[in-house]
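Here's the structure we're looking at; comments come further down.
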Amino acid sequence: AEAATKNAELARRQNLGASSMFLAKSLSHEVDLRWRILEAEAASPSLRQLMTEINQINLAAGKAAADTTELQRWVEKRWIANSNAFRSTCWAINGIDGTQVARVPEIVNGKRASSLGNNYRHRDYFHGEGRDFTNAELHSRNDVLPLAEKDVYVSAVFESVNTKTLMVTFSVPIWSGPPEEVGRHRIGILAAPVELGDFGVGKNAMLADTRKDQLNGAAGLVLHHPDLGKRHEGEELPYLDQATLDVARRLTESDLNNPGLTRTFYDPVTKQERLSSIEPVMIRGRKHPERETGWVVIAMEQLPEHVDE
């Protein structure tokens, strides 16, 4: 009987470990697919030529003065062509100075999108430094360039103004020339915001971010949970407790490709201790630091269903 109990316990832990590893790998493929789609589109010679011309005019004028009709047509066609493989709320293109020069959908609620022509040099998805800059920080720096040290990027989590849903933005640089061109440089970005609910995490798992978010400046935000519905205004967001966050961070900083760490963790949504397995979401085919998303999947043992007496 004792041996059977030990075997059953071992099987529970192995199953959770296998589940967390499978979910983490699936998520890493989803993240990398989005980056690869954006990278392929950003490498278009047509886009490169259009961006070069638009940047020259806008930089000379000191404002958004270039005709972006052709660029708008290009991004609309590419967004439609990739709509089945890549769900996103929009695609946007920013010039070298951070100005949003094209966006699809262009029309929002019957009007031209208010973001078009505005400057977003301060935004995390543009510069890739982990958070939005304050006005003071922005004015004190003249080295804020499009993803200056990154080839791909997924932004810190932020909340949609319209839907109150949690989102991240995937972004990649647009280059002045092909990879073989010596001295090529970044001339803009192609970006796509994505609702975190679009990722397949499963009904007995949660997704959390070990990086600081854009909402409270805190780490450990739960991005997805099967019992987490649409957040209402003023409602507190769930975060991992410090002990779980410390474990998750150690795993995200490790390159070990082992089954998830299985132990009892505190579930901040159900407010219960649950046997769970944590696995970092690592993009194995990418170089450091882009392979570390900062995300962790936590596969949780299913809670017993409540039965009314």
Side-chain angles (χ1 to χ4, degrees), residues 34-83 85-86 88-108 110-129 132-133 135 138-139 141-155 169-194 290:
R34 286 160 171 79
W35 277 339
R36 292 191 184 282
I37 288 172
L38 292 177
E39 284 177 309
E41 298 299 347
S44 162
S46 299
L47 174 61
R48 187 182 306 138
Q49 181 63 34
L50 287 168
M51 288 302 296
T52 299
E53 295 169 358
I54 289 169
N55 281 334
Q56 288 175 345
I57 295 171
N58 286 352
L59 290 174
K63 61 179 181 180
D67 182 352
T68 58
T69 304
E70 285 300 315
L71 180 64
Q72 186 64 39
R73 287 198 192 106
W74 181 90
V75 74
E76 287 174 356
K77 289 178 181 177
R78 303 320 306 154
W79 186 57
I80 292 170
N82 289 288
S83 59
F86 190 159
S88 62
T89 57
C90 72
W91 279 20
I93 298 174
N94 295 62
I96 195 169
D97 64 344
T99 300
Q100 188 180 103
V101 291
R103 181 193 191 276
V104 57
E106 181 181 14
I107 305 302
V108 179
K111 297 180 181 180
R112 190 168 185 261
S114 59
S115 57
L116 282 163
N118 290 341
N119 192 285
Y120 295 98
R121 193 166 66 107
H122 66 291
R123 293 300 299 271
D124 176 40
Y125 67 79
F126 179 77
H127 53 69
E129 295 195 27
D132 291 353
F133 291 152
N135 287 333
L138 198 61
H139 290 131
R141 295 181 55 170
N142 56 11
D143 62 341
V144 180
L145 297 171
L147 298 178
E149 297 182 2
K150 292 182 171 62
D151 292 332
V152 293
Y153 190 62
V154 58
S155 75
T169 295
F170 290 86
S171 53
V172 300
I174 301 168
W175 295 87
S176 62
E180 64 272 15
E181 182 178 298
V182 178
R184 70 172 187 159
H185 59 279
R186 296 161 174 82
I187 58 175
I189 65 161
L190 175 60
V194 175
E290 284 135 6

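FYI, side chains are in, hydrogens and waters are out, and symmetry mates aren't considered; it's all heavy atoms of this structure. The chain is numbered in sequence order, starting from 1.
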task: Look at Glu181 together with Arg48 and state whether they make a salt bridge at an N to O cut-off of under 4.0 Å.
output: no
message: I'd like to know if the side chain of Arg186 reaches the main chain of Lys150, judged simply by a donor and an acceptor atom lying under 3.5 Å from each other, with no hydrogens or angles considered.
response: yes
statement: Shortest non-hydrogen pair, Cys90 vs Pro105, comes out as CB-CD, 3.8 Å
task: Could you tell me how the ring of Trp35 sits relative to the ring of Phe170: parallel (under 30°), tilted (30 to 60°) or perpendicular (over 60°)?
output: perpendicular
- request: Side-chain contact test, heavy atoms from C-beta onward, threshold under 4.5 Å: evaluate it for Pro193 versus Tyr125 and give yes or no.
  value: no
Trp175 (side chain) donor-acceptor with Ala43 (main chain) under 3.5 angstrom: no
- line: Taken to the nearest 0.5 Å, the spacing of Arg123 CZ from Thr169 OG1 works out to 6.5 Å
- prompt: After noting the C-alpha distance and the side-chain angles of Val104 and Arg78, does the key distance pass the side-chain contact (heavy atoms from CB on, under 4.5 Å) rule?
  reply: CA-CA 10 Å; Val104 57; Arg78 303 320 306 154; over 6 Å; no
task: Can you measure from CG (Leu145) to CD1 (Ile187) and round to the nearest 0.5 angstrom?
output: 12.5 Å
message: Using only atom types and a distance under 3.5 Å, with no angle test, would you say the side chain of Ser44 pairs donor to acceptor with the backbone of Ser46?
response: yes
- prompt: With distance as the sole test, does Asn58 use its side chain to make a donor-acceptor pair with the main-chain N or O of Ala65 at under 3.5 Å?
  reply: yes
- prompt: Do side-chain atoms of Glu106 reach the backbone of Gln72 as a donor and acceptor pair under 3.5 angstrom?
  reply: no
- line: Val101 and Leu116 have their tightest heavy-atom pair at C-CD2, 4.0 Å
message: Quick check against the 3.5 Å criterion: does Gln100 have a side-chain atom that pairs as donor or acceptor with the backbone of Asn119?
response: no
field: For the student: nearest non-hydrogen atoms of Glu41 and Asn82, plus distance
entry: OE2-ND2, 3.0 Å
Distance, nearest 0.5 Å, that separates CD of Glu53 from CG of Leu71: 10.5 Å
- line: Rounding to 0.5 Å, atoms CD1 (Ile54) and CG (Leu59) come to a distance of 11.5 Å
message: So, taking the atom named NE2 in His127 and the one named CZ in Phe133, what distance separates them when rounded to the nearest 0.5 Å?
response: 4.0 Å
- prompt: Which atom pair, heavy atoms only, marks the closest approach of Thr99 to Gly117?
  reply: CG2-O, 3.7 Å
message: Taking side chain to side chain contact (heavy atoms under 4.5 Å, CB included) as the criterion, tell me which of Leu147, Asn94, Leu38, Asp124 meets it with Ser171.
response: Leu147
task: Using the ring of Phe86 (Phe, Tyr or Trp, six-membered ring only), decide whether Arg34 places NZ or CZ under 6.0 Å from its centre and within 45 degrees of its axis.
output: yes
- line: Scanning both residues in full, the closest heavy-atom pair of Phe126 with Gly95 reads CE1-O, 3.4 Å
query: After noting the C-alpha distance and the side-chain angles of Leu47 and Ile93, does the key distance pass the side-chain contact (heavy atoms from CB on, under 4.5 Å) rule?
result: CA-CA 10 Å; Leu47 174 61; Ile93 298 174; 3.9 Å; yes
- line: Nearest heavy-atom approach of Ala42 to Ile174 is O-CG2, 4.0 Å
Side chain Arg184, main chain Gly177, donor-acceptor under 3.5 Å: yes
task: Supply the atom-to-atom distance Arg141 CZ to His122 NE2, rounded to the nearest 0.5 angstrom.
output: 14.0 Å
field: Test: Glu70 and Arg73 ion pair at under 4.0 Å
entry: yes
